[in-house]
Trainee: 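Got a structure for you, questions after.
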Amino acid sequence: MSKKEVTVVEVALRDGSHAIKHQYTVDQVREITKGLDDANIPYIEVSHGDGIGGSSVQYGFSKTRDIELIKAAKDVTTHSKIAVLLLPGIGTVEDLKEAREAGADMVRVATHCTEADVSRQHIEAAKEMGMEVVGFLMMAHMLEPKKLLEQAKLMESYGADVVYATDSAGALLPDEVTERIALLVNELDIAVGFHGHNNLGLAMANTLAAAEAGATYLDGSARALGAGAGNTQTEVMIGVLDKAGYKTGVDLFKIMDVAEDLIDPIMTVPQIIDRDSLTLGYAGVYSSFKLFAQRSGKRHGIDSRDILVELGNQKVVGGQEDMVEDVARELASKK
Amino acid sequence: MARKIRAGIIGPGNIGSDLLSKVLRSDKLEVTSMYGIDDDSKGMRRARKNGLKTFANGIDGIYELEESERPEILFDATSAGAHQHNSEVAQELGIRMVDLTPAAIGPFVSPSVNLNEFIDEMNVNMITCGGQATTPIVSAINDVVPVSYAEIVATISSKSAGPGTRANIDEFTETTANALEVVGGADKGKAIIILNPADPPIIMRDTIYTIVDGEFDEKEIIKAVRQREKEIQTYVPGYSLRQDPVIEGNTISVFVKVEGAGDYLPVYAGNLDIMTASALGVGERIVDYINEKESKGVEMK
């Protein structure tokens, strides 16, 4: 029986950026990209955690401009492709042009799961530039499968080559992933992908469920370096998918080495499910809010979990980091 | 003797219809014509119900009016694309234009900041809703200490973001960023916009971050920002700071919310309301200017 093929997208140099407060250096990116390229990772995503153009007061300034990191990554790859993330409203078509010139092959255009139509401008421009385009529907736990499909269809109509259900909050359970992915796979003509976060300890299980439901693009982060509790751990995913009968083309030992020798040393805190990460998944809150909640919690003398729970109650979406301070202050005034 | 000035609105959509409600209440402007493309649209019918002459051939309908019936001020609530032609017609006929689209043929204006500087211009642009909510604050801070970087995050309810906004997200961020520099005075500007689909729809909020260059008295900053808040409230009553500015080193953060007046658009659509309220503010100030000039015997074209 032939093995089902799956395309792996490595996000340590993008989602991982959240975990290290966007402090990647050119040297780090060169080394890590070389390791990933060597391990045969098909796509390597390189950007600020909130995408190109994300360097800001709101999300944190990058130590090194995205363009420099993209150029560095492109420089050392021999066959891996470079992807960038773009969130309309944060990054623009002008940013995309710059990234394309710097060597980006693929762009992942990400919107909140209900707002696909703001991605039209960017998906169409990317296609015109000859890029591969992924539509990324974020906070997929907040939308029922049927409505998620409607949004995915919009992205497909604009020209996306792949559409992802993205579990930005790490809040989905495996059955919920299966429901969403299966519906997308059945009803779309394009490939379907899944991006997981480990806030409830379910990233690997969810990713496997996505593969079984027909997703052919799967995200992972070496050593799980990512927002919140981190993403599906790439090297684990490679081992698991192999055992489950999928072909990724990635060298297991080499990706293990990238994680152990290159990613682990740059981590400032262990990538575990601590109580704030668990709260993200439990309350359904965008993973990158964790560090902001911790800071605001300290500043106002409030338990960061209370801040996260309130953010979940208010149905705050990705990108709304300024709400964290607001909620913290409000909770403090009620004490 | 001060007279009411005749006004016309191009574009009977959400913005144009909300603007209509406001202009009808004005005792400085007399709105008499509405220019659209669909004679039977809700906005056109509403305009006729309020006694306006409507024209379904867009701004070209203005040629059917006698000179004595023509507006002396036009508000363009259509689109950047349509504005080109609208402004050509206005220019040809010597009619003052207040542009609510992102076209920005004329200079950016914000009532509490720089309107006096451009009061004699025949075409002025209202930037964006986020621009009206934030550039005045940046400008107030810049008056106290130079702003090297200004960044704003506008968060609006999905419901209040129409097809025009959605198709032109980039334009919103680029135009607003530009205004933060040109009107706000920042060396560099950045604008971010986020749509949130929560139900009930959220009130518009804007977060303004400024990085300043040099020493400053914190009390002066708070005073300047609170003063500007009051000035904005004279034409946008629903505008308010959510809390005192937060000052950390040389980063000054201001958190604002904009509650709509609920004229035509619901209260959560503060982002649209600040646009129409600001445009009305500009229109009425232009009327004052015209009347001042006329009382001094200067002929107004």
Trainee: Which one wins on heavy-atom pair count under 4.5 Å against chain A: D170(B), T155(B), I193(B)?
Mentor: D170(B)
Trainee: Let me know if I194(B) has heavy atoms under 4.5 Å from chain A in its side chain, its backbone, both or neither.
Mentor: side chain
Trainee: Out of P88(A), G318(A), G53(A), S56(A), which one racks up the most heavy-atom pairs below 4.5 Å with chain B?
Mentor: S56(A)
Trainee: Can you name the closest pair of heavy atoms from A133(B) and V258(B) and give their distance?
Mentor: CB-CG2, 4.4 Å
Trainee: Would you say H48(A)'s side chain and D50(A)'s backbone share a donor-acceptor pair under 3.5 angstrom?
Mentor: yes
Trainee: Check this for me, if you would: do K97(A) and E94(A) make a salt bridge, where the nitrogen-to-carboxylate-oxygen distance has to be below 4.0 angstrom?
Mentor: yes
Trainee: Taking every non-hydrogen pair under 4.5 Å, which of H122(A), R120(A), R329(A) racks up the most with chain B?
Mentor: R329(A)
Trainee: Side chain, backbone, both or neither: which part of E321(A) has a heavy atom under 4.5 Å from chain B?
Mentor: neither
Trainee: Please check: side-chain N/O of Q294(A) versus main-chain N/O of F292(A), any donor-acceptor pairing under 3.5 Å?
Mentor: no
Trainee: Which answer fits Q121(A), side chain, backbone, both or neither, if we ask what part of it has an atom under 4.5 Å from a heavy atom of chain B?
Mentor: side chain
Trainee: Quick one: of Q314(A), M142(A), K315(A), Q320(A), who has the most non-hydrogen atom pairs under 4.5 Å with chain B?
Mentor: Q320(A)
Trainee: Please state whether the side chain, the backbone, both or neither of A191(B) comes within less than 4.5 Å of a heavy atom of chain A.
Mentor: backbone
Trainee: Keeping N271(B) on the side-chain end and I156(B) on the backbone end, is there a donor-acceptor pair under 3.5 Å?
Mentor: no
Trainee: Ring centres under 6.0 Å, that's the criterion: do F136(A) and H195(A) meet it?
Mentor: yes
Trainee: Give, as side chain, backbone, both or neither, the part of Y149(B) having an atom under 4.5 angstrom from any heavy atom of chain A.
Mentor: side chain
Trainee: Hey, does the Lys NZ or Arg CZ of R108(A) hover above the aromatic six-ring of Y164(A), less than 6.0 Å from the centre and inside 45° of the axis?
Mentor: yes
